[in-house]
J.: 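Structure in structure tokens, see below.
As the structure is a computational prediction, the values presented were derived from the model and not from experiment.
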Amino acid sequence: LSLHDALPISTYNKASRGEASLNEITLATKKVQELFVAARFAAVMALPGAIFALPVLSKMADEYNVDFVPVTVKKEFSI
């Protein structure tokens, strides 16, 4: 499996031709979801004063069952 085959876009391209397995599609979907969580987190952190709003936003995300903090950040800082 090459790096190009592991990219979600190539998996979705294969799926459109009927060549991707259900497992490949599921893994690609999870990667895209993680990417959107990271992008959302990065966008919020780019705003001025975001460091002060982070605890409140994280608590609200937990209440509404939304992934706000990426898994990699949670692992790095033991959140």
Side-chain angles (χ1 to χ4, degrees):
L1 189 69
S2 69
L3 176 63
H4 181 69
D5 291 336
L7 296 174
I9 191 71
S10 62
T11 302
Y12 292 135
N13 192 14
K14 283 173 45 179
S16 70
R17 295 187 309 256
E19 299 172 1
S21 70
L22 185 58
N23 189 32
E24 288 175 315
I25 296 169
T26 302
L27 288 175
T29 302
K30 286 182 183 180
K31 285 181 184 181
V32 170
Q33 288 172 345
E34 290 173 10
L35 178 65
F36 280 130
V37 170
R40 179 175 49 230
F41 184 75
V44 169
M45 292 307 293
L47 297 173
I51 195 71
F52 301 112
L54 186 59
V56 174
L57 293 172
S58 181
K59 189 72 165 177
M60 288 176 61
D62 289 343
E63 287 178 14
Y64 291 105
N65 198 23
V66 174
D67 289 333
F68 177 67
V69 180
V71 175
T72 54
V73 174
K74 286 182 182 180
K75 274 199 282 188
E76 182 71 27
F77 295 104
S78 301
I79 297 175

J.: Within the structure provided, determine whether Val32 and Tyr12 are in side-chain contact (heavy-atom separation under 4.5 Å).
T.: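 In short, these two side chains touch, coming nearer than 4.5 Å.
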J.: Please tell me if the side chains of Leu54 and Phe41 come closer than 4.5 Å, counting only heavy atoms from C-beta onward.
T.: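 Yes, close enough: below the 4.5 Å cut-off.
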J.: Show the nearest heavy-atom pair for residues Thr11 and Ala20, with the distance to one decimal.
T.: O-CB, 3.8 Å
J.: For the residue pair Ala50 and Val44, what are the closest heavy atoms and their distance?
T.: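 Looking at all heavy atoms of both residues, the shortest contact is CB-O, 3.0 Å.
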J.: How long is the straight-line distance from CG of Leu57 back to CG of Asp62, given to the nearest 0.5 Å?
T.: 11.0 Å
J.: Please say whether more than 12 non-hydrogen atoms of neighbouring residues, nucleotides or ligands are located less than 6.0 Å from CE in Met60.
T.: no
J.: Does some side-chain heavy atom of Lys31 sit less than 4.5 Å from a side-chain heavy atom of Leu35?
T.: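 They are not in contact (no side-chain heavy atoms under 4.5 Å apart), so the answer is no.
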J.: What distance do Thr72 atom OG1 and Glu34 atom CD have between them, rounded to the nearest 0.5 Å?
T.: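 Thr72 OG1 to Glu34 CD: 8.5 Å, rounded to 0.5 Å.
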J.: Find out if a path of hydrophobic residues (ILVMFWY) with successive side-chain heavy-atom gaps under 4.5 Å connects Phe52 to Phe77.
T.: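 Linked, Phe52 and Phe77 end up in one cluster.
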J.: Considering only heavy atoms from C-beta outward, does the side chain of Arg40 approach that of Val66 to under 4.5 Å?
T.: yes
J.: What is the minimum heavy-atom distance between Ala61 and Phe68, and which atoms define it?
T.: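 Taking every non-hydrogen atom into account, CB-CB, 3.5 Å.
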J.: Could you state the interatomic distance from OG (Ser10) to CD (Glu19), rounded to the nearest 0.5 Å?
T.: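 That separation rounds to 11.5 Å.
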J.: Which pair of non-hydrogen atoms, one from Pro70 and one from Ala38, has the smallest distance, and what is that distance?
T.: CG-CA, 3.7 Å
J.: Between Pro55 and Ile51, which heavy-atom pair has the shortest distance, and what is it?
T.: CD-O, 3.8 Å
